[in-house]
Novice: 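First the structure, which I've put down as structure tokens, then a few questions once you've had a look.
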Amino acid sequence: MRIQENVPLAPLTTIGIGGPARYFTRVSSVDEVREAIDWAKRNSQPLFVMAGGSNLLIADEGFRGLVLQIDLRGIVVESEDEFATVRIAAAEEWDAFVTMAVEKSWAGIECLSGIPGSVGATPIQNVGAYGQEVSETVIGVEVLERTTGLVRTLTNDQCRFGYRSSLFKTEQRDRYIVLSVTFRLKIGGDASVRYPELKRYLEDRTESDLDLRSVRNAVIAVRKRKGMVIDPSDPDTRSDGSFFMNPIITRPDFEMFKMKAPEAPNFPAADGTVKLSAAWLIERAGFNKGFVHGNVGLSSKHTLALINRGGGTAREVVELVRMIQQRVREMFGVDIHPEPNFIGFDY
């Protein structure tokens with residue numbers, strides 16, 4: 001294991017913001033993960049485990065500890081019958097795995113095409129898009145427990161998946177390091193087309209053969225229209241993707257909300273709650289596509305994406321986030337929350 005000092009972190013993120021790591025190491029084996037944890041303990045350094053850099057905002061001062069970047073690789077097809085059971089190492093690129101699944105006619109993750117980042121991050125966020133979530137197909141998450149160094153596999157139920165959440169992000173966020181994820185995908189299964197926007201896109205193009213490949217292509221096309229597929233030539237893709245989660249409110253709160261905004265789009269959620277559109281709330285609060293705040297702003301293609309316009313800072317992002325949150329709260333009485341992780345500072 002090699003420890004480097006003062007390593008720039010901004011180039012390792014999709015938004016291109018953040019100061020350096022005081023210490024940095026990239027590890028490619030479980031033993032090296034343990035070694036890095038032990039090094040941080042011996043040297044009294046806080047530890048941050050970094051994956052693909054696609055869902056985080058790093059402080060302008062950087063991280064004053066050890067940044068551990070996981071580089072575990074490998075894909076193992078454990079069984080193929082009615083379903084394909086596939087174990088993917090944490091550092092494998094997520095969209096490369098989706099491509100592989102589509103090419104092999106393994107259904108279950110085709111609507112998650114075009115999402116940047118690594119496989120290991122997907123259960124942490126319970127990544128979802130266009131009507132699918134990884135929690136629908138994850139059957140096991142192999143983890144290393146930081147305090148003991150022991151490796152265990154958590155079942156789907158033990159991961160406590162929720163909307164863009166899991167136990168890795170909530171009550172036990174600093175307990176485990178994800179090493180690999182095992183998925184169960186339907187061989188020869190039908191493509192999933194549940195999301196209204198995706199349905200409209202396919203209907204407009206009179207797509208009759210909704211196989212996995214056509215749905216994947218449609219998802220990527222829709223994402224590109226919103227600047228949600230990384231493209232170095234498109235400044236709108238220098239972002240963390242959708243920065244705000246759609247708020248979920250109780251039925252009584254929704255009845256009060258309807259009095260203020262009867263025309264607002266809404267969707268039924270779990271346990272009788274109601275999901276609102278964060279994009280709709282943000283736009284109606286006066287923050288349109290292309291809104292500028294210093295060197296950051298909103299994408300010209302998608303209201304939910306906060307972008308680095310060039311030379312942006314974490315301070316500017318936080319200022320814009322708070323402006324948006326305050327205005328939405330004042331107008332609608334609804335709190336909207338960021339999805340990315342904030343590293344090196346409290347938010």
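Here, residue 1 is the first one in the sequence, and each next residue gets the next number.
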Novice: Nearest 0.5 Å, please: how far is OG in S239 from CG in N308?
Specialist: 10.0 Å

Novice: Less than 4.0 angstrom from a charged side-chain N to a carboxylate O is my criterion; do E110 and R216 meet it?
Specialist: no

Novice: Which residues, ordered by chain and number, are linked to M1 in its hydrophobic cluster, where ILVMFWY side chains connect at heavy-atom gaps below 4.5 Å, directly or through other members?
Specialist: I3, Y23, V27, V30, V33, I37, W39, L47, V49, L66, L68, I70, L72, L144, V151, I177, L179

Novice: Is F161 linked to V119 within one hydrophobic cluster, defined over Ile, Leu, Val, Met, Phe, Trp and Tyr using a side-chain heavy-atom separation of less than 4.5 Å?
Specialist: yes

Novice: Is there a donor-acceptor pair under 3.5 Å between the side chain of N156 and the backbone N or O of S135?
Specialist: yes

Novice: When you look at CG of D271, are more than 12 heavy atoms from neighbouring residues, nucleotides or ligands closer to it than 6.0 Å?
Specialist: no

Novice: Is the count of non-hydrogen atoms from other residues, nucleotides or ligands lying under 6.0 Å from R64 atom CZ greater than 12?
Specialist: no

Novice: Could you check if a side-chain atom of V178 sits within less than 4.5 angstrom of a side-chain atom of V141, using non-hydrogen atoms only?
Specialist: yes

Novice: Side chain to side chain donor-acceptor pair (under 3.5 Å), that's the test. Do D253 and T250 meet it? Break it down for me.
Specialist: CA-CA 5 Å; D253 286 343; T250 64; 3.2 Å; yes

Novice: About how many Å separate OG1 of T313 and CD of E61, when rounded to the nearest 0.5 Å?
Specialist: 9.5 Å

Novice: Any idea how F183 and F97 line up, ring-wise: parallel (<30°), tilted (30 to 60°), or perpendicular (>60°)?
Specialist: tilted

Novice: Donor-acceptor pair, distance only, cut-off 3.5 Å: does the side chain of R87 make one with the backbone of V181?
Specialist: no

Novice: Apply side-chain contact (heavy atoms from CB on, under 4.5 Å) to the pair N266 and K275, showing each step before the final yes or no.
Specialist: CA-CA 6 Å; N266 60 89; K275 182 187 294 186; over 6 Å; no

Novice: Using the ring of each side chain (for Trp, its six-membered ring), is F243 parallel, tilted or perpendicular to F342, with breaks at 30° and 60°?
Specialist: perpendicular

Novice: For R152 and Y176: C-alpha separation, side-chain torsions, deciding distance, then whether side chain to side chain donor-acceptor pair (under 3.5 Å) applies.
Specialist: CA-CA 10 Å; R152 58 182 293 204; Y176 299 114; 2.9 Å; yes

Novice: Counting heavy atoms not belonging to R2, are there more than 12 under 6.0 Å from its CZ?
Specialist: no

Novice: Could you check whether S233 and D231, counting side-chain N and O atoms only, form a donor-acceptor pair closer than 3.5 Å?
Specialist: yes

Novice: Hey, are the side chains of Q125 and E339 touching, using non-hydrogen atoms and a 4.5 Å cut-off?
Specialist: yes

Novice: Closer than 4.0 angstrom, basic N to acidic O: yes or no for K258 and E263?
Specialist: no

Novice: Below 4.5 Å, heavy atoms only, C-beta onward: do M245 and S165 meet side chain to side chain?
Specialist: no

Novice: Looking at every non-hydrogen atom in both residues, tell me the closest pair between E93 and R73 and how far apart they are.
Specialist: N-NH1, 4.4 Å

Novice: Could you go through the side chain to side chain donor-acceptor pair (under 3.5 Å) check for S214 and N217 one step at a time?
Specialist: CA-CA 5 Å; S214 64; N217 291 340; over 6 Å; no

Novice: In terms of heavy-atom contacts, does CZ of R184 have more than 12 from other residues, nucleotides or ligands at under 6.0 Å?
Specialist: no

Novice: If you measure from CD1 on I75 to OG on S180, what distance do you get to the nearest 0.5 Å?
Specialist: 11.5 Å

Novice: Please test L306 against D240 for side-chain contact (heavy atoms from CB on, under 4.5 Å), starting from the C-alpha separation and ending with a verdict.
Specialist: CA-CA 7 Å; L306 273 66; D240 274 327; over 6 Å; no

Novice: Tell me whether M323 is reachable from I336 by hopping between hydrophobic residues (I, L, V, M, F, W, Y) whose side-chain heavy atoms are closer than 4.5 Å.
Specialist: yes

Novice: Once you round to the nearest 0.5 Å, how far does CE of M50 lie from OG1 of T25?
Specialist: 13.5 Å

Novice: Should V98 and V193 be counted in the same cluster of Ile, Leu, Val, Met, Phe, Trp and Tyr side chains packed under 4.5 Å apart?
Specialist: no

Novice: Below 4.5 Å, heavy atoms only, C-beta onward: do F63 and P46 meet side chain to side chain?
Specialist: yes

Novice: Is L56 close to F48 at the side-chain level, that is, under 4.5 Å between some pair of heavy atoms?
Specialist: yes

Novice: What's the separation between atom CG in D174 and atom CZ in F168, rounded to the nearest 0.5 Å?
Specialist: 13.0 Å

Novice: Could you tell me which non-hydrogen atom of P247 sits nearest to which non-hydrogen atom of L281, and how far apart they are?
Specialist: CG-CD1, 3.8 Å

Novice: Apply side-chain contact (heavy atoms from CB on, under 4.5 Å) to residues T273 and F254 and explain how you reach the verdict.
Specialist: CA-CA 8 Å; T273 57; F254 176 64; over 6 Å; no

Novice: Kindly check if the number of other-residue, nucleotide or ligand heavy atoms within 6.0 Å of CG (D190) is above 12?
Specialist: no

Novice: What verdict does the side-chain contact (heavy atoms from CB on, under 4.5 Å) test give for N341 and R173, after you've listed the backbone C-alpha separation in whole Å, the side-chain angles of each residue and the deciding distance to 0.1 Å?
Specialist: CA-CA 11 Å; N341 297 304; R173 63 178 299 163; 3.8 Å; yes

Novice: Would you call D236 and K301 a salt bridge, taking side-chain N to carboxylate O under 4.0 Å as the test?
Specialist: yes

Novice: For F332 and F257, take the angle between the two ring planes, folded into 0 to 90°, and tell me which bin it lands in: parallel under 30, tilted 30 to 60, perpendicular over 60.
Specialist: tilted

Novice: Passes salt bridge (charged side-chain N to carboxylate O under 4.0 Å, His left out), R213 versus E103? Steps please.
Specialist: CA-CA 7 Å; R213 190 182 301 275; E103 290 177 349; 5.0 Å; no

Novice: Identify the two heavy atoms, one from V127 and one from A121, that lie closest to each other, and give their separation to 0.1 Å.
Specialist: CG2-O, 4.5 Å

Novice: Heavy atoms only: give me the nearest Q325-H337 pair and the separation to one decimal.
Specialist: NE2-CA, 4.1 Å

Novice: Should we say atom CE of M331 is surrounded by more than 12 heavy atoms from elsewhere, each under 6.0 Å from it?
Specialist: yes

Novice: For H293 and E316, which I'm curious about, is there any donor-acceptor pair between the side chains at under 3.5 Å?
Specialist: no

Novice: In this structure, would L212 and V77 fall into the same cluster of hydrophobic residues linked by side-chain contacts under 4.5 Å?
Specialist: yes

Novice: Between atom CD of Q172 and atom CD of E145, what is the distance when rounded to the nearest 0.5 Å?
Specialist: 8.5 Å

Novice: Let me check something: do I307 and V317 share a hydrophobic cluster, defined by ILVMFWY side-chain heavy atoms less than 4.5 Å apart, either directly or through other members?
Specialist: no

Novice: Shortest non-hydrogen contact from E5 to R22?
Specialist: OE1-NH1, 2.7 Å

Novice: For a quick test of reading the model, state the closest non-hydrogen atom pair linking I282 to F244 and the distance between them.
Specialist: CD1-CD1, 3.6 Å

Novice: Would you confirm whether E136, through its side chain, and E133, through its main-chain N or O, come within 3.5 Å as a donor-acceptor pair?
Specialist: yes

Novice: Please check this pair: side chain of R194 against backbone of G131, looking for a donor-acceptor N/O pair closer than 3.5 Å.
Specialist: yes

Novice: Test side chain to side chain donor-acceptor pair (under 3.5 Å) on T303 and E283 and set out the steps.
Specialist: CA-CA 7 Å; T303 313; E283 290 180 4; 2.4 Å; yes

Novice: What I'd like to find out is whether the side chain of V138 reaches to under 4.5 Å of the side chain of T182, using heavy atoms alone.
Specialist: no

Novice: Considering only heavy atoms from C-beta outward, does the side chain of L276 approach that of F267 to under 4.5 Å?
Specialist: no

Novice: Flag yes if more than 12 heavy atoms outside K169 fall under 6.0 Å of its NZ atom; otherwise flag no.
Specialist: yes

Novice: Within the 4.5 Å heavy-atom criterion, are P123 and C159 side-chain neighbours or not?
Specialist: no

Novice: As a quick check of understanding, evaluate salt bridge (charged side-chain N to carboxylate O under 4.0 Å, His left out) for R200 and E203, giving each step before the final call.
Specialist: CA-CA 5 Å; R200 289 194 299 271; E203 288 169 357; over 6 Å; no

